[in-house]
Q: 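Quick one: the structure is below, and I'll ask about it shortly.
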There are 2 protein chains.
Amino acid sequence: MTRPKVKRPRSRRGEGDKLREEILDATEALLSQTADRRAVSIRAVADAVGVTAPSIYRHFPDKRALLMAACQRHFDDLQQRLEKMASVAEGPIDALRETGHAYLDWGMDNPEEYRIMFMTRPESDAVTDGEEMDYSDTIGPGTAFGALISMIDTGLQAGEIRADRNIFDVAIAVFSLVHGVTSLAISNDPQFFPRTDAHRTLDLLMDWTFAGLAPAGLDS
Amino acid sequence: MTRPKVKRPRSRRGEGDKLREEILDATEALLSQTADRRAVSIRAVADAVGVTAPSIYRHFPDKRALLMAACQRHFDDLQQRLEKMASVAEGPIDALRETGHAYLDWGMDNPEEYRIMFMTRPESDAVTDGEEMDYSDTIGPGTAFGALISMIDTGLQAGEIRADRNIFDVAIAVFSLVHGVTSLAISNDPQFFPRTDAHRTLDLLMDWTFAGLAPAGLDS
DNA sequence: TGTACATCAGTGAACGCGCGTTCACTGATGTAC
DNA sequence: TGTACATCAGTGAACGCGCGTTCACTGATGTAC
């Protein structure tokens, strides 16, 4: 990891932005492979790219900005996956279930990214160590949370979800439910809480939830 | 924080263990006040106690051991609180609801401790940065999770919980539900997800859950 | 077609910092005679 | 009751490390004349 690996050939004039992309790729790869944010240092990233540390500063003002940029990519990836799942589903309840499981899978596949994005302390300092998030990018329209809101809204319109609930409250509750299983799954020894158990737990919670959300006390 | 503060008077012969307790107290206080594990360095702890850094090593072999000891105290504290809530409650369903809210309050009051105990990556490395937990101390009898199991069991005996559920599955589901709200509450700007909202969300989820757990499809 | 030059991508060395930890020590205090 | 001494609680200085970041620089490359 500290060995110089491959010496990257210098980009040609006007192609300096290539390095920017390579740096982001390396940052993601490092985070994903080590599953440990402490392994993602400026030096380690530079090393993985095959470049020296100061080169990073030609493309990002500081470490914070680098991590923010990498995290934004993850957000976009997650959102696209969820929207894809939702578009394929048969009806809003099915969409909620499917996206819930997809979300869980994504978290389990990207545990450290998940921790950074959804499990770090609020405010400024999180960033040195992880990421500070702009909430308007998190819950606004065109985001993962926005997609959740619209699924629930569709359910309401279709009469599959009881209409006496505040839609935002329901969304927060459903989100915290899925987040609970995901966060538990990646904070424990896989032997203690294996992947199939996580999905089973989510299913059980969804059963309860959709019984509670059903208009006439019917199970979904 | 780097200033020497008060110079602690040396303990008398045979009273060396006093410092051990003071070190643990200072560790907890530092963690609680800063809500940032990075602020809890050997030097900072020593400083808070009014002693030099090497003195710590007379009482703890390394930083890991110090943090483990401090965390064990937190576990004991949480467990005692939950058992107290459970003993006061009127019936098992009420006990589950009350302990759920007490758990949420505890997490919100001790966010960094909660993160260390329930939200760090599994395995060895968590400790340098937080804590590795011995699961037999976490889910065995006489623990917080053990208390949850026994509440559900009481509910089953009393006929207030449907008997066709695997008790362990139900316990994991209930735990991950409460954990979800707690973890969400302490990972976001309090302005975005205030304390009352967290309790309201938990209530909603509990409503769904107890509808699902009720024997005859009745609400709790 | 040849050459001088500005530009641009990236380097090498060093900075100051806080960290966990080690080591040889000091000096107060209880105890044995 | 007095004194020598072993013990014990804690100190002061230093170690090596990895970190983010800065600074003056180098040398290849495209462009203007």
Side-chain angles (χ1 to χ4, degrees), chain A residues 1-23 26-27 30 34 36-70 124-131, chain B residues 1-23 26-27 30 34 36-70 124-131:
Chain A
M1 201 64 69
T2 325
R3 287 291 126 237
K5 300 203 167 226
V6 197
K7 189 145 189 176
R8 192 191 94 108
R10 162 192 296 217
S11 294
R12 311 185 60 177
R13 276 280 273 298
E15 296 179 342
D17 283 352
K18 272 188 180 172
L19 181 54
R20 194 193 138 89
E21 290 306 304
E22 290 178 44
I23 289 168
T27 305
L30 208 52
T34 63
D36 186 345
R37 76 195 65 179
R38 287 168 305 172
V40 183
S41 65
I42 292 283
R43 279 170 168 87
V45 170
D47 220 62
V49 175
V51 112
T52 61
S55 303
I56 306 287
Y57 291 88
R58 185 169 294 282
H59 300 277
F60 299 93
D62 52 24
K63 194 187 179 187
R64 176 195 175 100
L66 169 59
L67 290 175
M68 293 270 284
S124 51
D125 295 323
V127 169
T128 315
D129 205 36
E131 218 64 5
Chain B
M1 200 63 69
T2 324
R3 285 293 126 234
K5 300 203 166 223
V6 196
K7 188 145 190 178
R8 192 191 94 108
R10 162 190 296 214
S11 293
R12 312 184 61 176
R13 276 280 273 296
E15 296 181 340
D17 284 352
K18 272 188 179 172
L19 180 53
R20 194 192 138 89
E21 289 307 303
E22 288 178 45
I23 289 169
T27 305
L30 209 52
T34 64
D36 187 344
R37 74 195 67 176
R38 288 169 306 172
V40 183
S41 65
I42 292 282
R43 279 170 167 86
V45 170
D47 221 62
V49 176
V51 113
T52 62
S55 304
I56 307 286
Y57 291 88
R58 185 169 295 281
H59 299 278
F60 300 93
D62 53 23
K63 195 189 178 185
R64 175 194 176 99
L66 170 59
L67 290 175
M68 293 270 283
S124 52
D125 295 325
V127 170
T128 315
D129 203 37
E131 219 63 6

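The sequence lines fix the lettering, A, B, ..., with proteins before strands; numbering per chain opens at 1.
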Q: Counting side-chain heavy atoms from C-beta on, which of C/dA28, D/dA28, C/dA14 comes nearest to B/Arg10?
A: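 My answer, after comparing the listed nucleotides, is C/dA28.
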Q: Under 3.5 Å for both donor-acceptor distances, Watson-Crick or wobble: does D/dT21 have a partner, and if so which one?
A: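 Checking every strand shown, D/dT21 finds its partner in C/dA14, with both distances under 3.5 Å.
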Q: Counting side-chain heavy atoms from C-beta on, which of D/dC19, C/dT22, D/dC23 comes nearest to B/Tyr57?
A: C/dT22
Q: Who is the Watson-Crick or G-U wobble partner of C/dA28, with both distances under 3.5 Å?
A: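 In the structure as shown, C/dA28 has D/dT7 as its Watson-Crick or wobble partner.
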Q: Between B/Arg12 and B/Val40, name the one whose nearest nucleotide on DNA chain C is closer to the 5' end.
A: B/Val40
Q: Just the rounded figure in Å: distance from P of D/dT21 to CD1 of A/Ile56.
A: 11 Å
Q: Can you tell me which nucleotide in D/dT11, D/dG30, D/dT21 comes closest to the side chain of B/Val51?
A: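 Of the candidates, D/dT11 comes closest.
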Q: Choosing from C/dG20, D/dT21, C/dT11, which nucleotide comes nearest the side chain of A/Ser55?
A: C/dT11
Q: Tell me, do B/Arg43 and B/Asp47 make a side-chain contact under 4.5 Å, heavy atoms counted?
A: no
Q: In the strands shown, is C/dT1 matched to any nucleotide by a Watson-Crick or G-U wobble pair with both distances under 3.5 Å, and which?
A: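 The answer is none; no pair meets the criterion.
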Q: What's the closest nucleotide to the side chain of B/Arg43 if the choices are C/dC19, C/dT22, D/dT21?
A: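 It is C/dC19.
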Q: Of the nucleotides D/dC19, D/dT22, D/dA9, which has the atom closest to the B/Arg58 side chain?
A: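 Among D/dC19, D/dT22, D/dA9, the one nearest the side chain of B/Arg58 is D/dA9.
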Q: Under 4.0 Å between a side-chain N or O of B/Ser11 and OP1 or OP2 of D/dA9?
A: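 Result: no.
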Q: Counting only side-chain N and O atoms of A/Ser41, is one of them less than 4.0 Å from OP1 or OP2 of D/dG18?
A: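 Looking at the OP1 and OP2 atoms of D/dG18, neither is under 4.0 Å from any side-chain N or O of A/Ser41.
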Q: Check whether any side-chain N or O of B/Lys63 sits under 3.5 Å from a backbone N or O of B/Val40 as a donor-acceptor pair, and report yes or no.
A: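 Present.
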Q: Please name the pair of heavy atoms, one in A/Phe60 and one in A/Ala69, separated by the smallest distance, quoted to 0.1 Å.
A: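 Minimum heavy-atom separation between A/Phe60 and A/Ala69: CE2-CB, 4.0 Å.
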Q: Which nucleotide in the set C/dA13, D/dT11, D/dG20 lies at the smallest distance from any side-chain heavy atom of A/Pro54?
A: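 For A/Pro54, the side-chain atoms sit closest to C/dA13.
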Q: Rounded at 0.5 Å granularity, tell me how far CG in A/Leu30 sits from CG in A/Asp36.
A: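 It comes to 9.5 Å.
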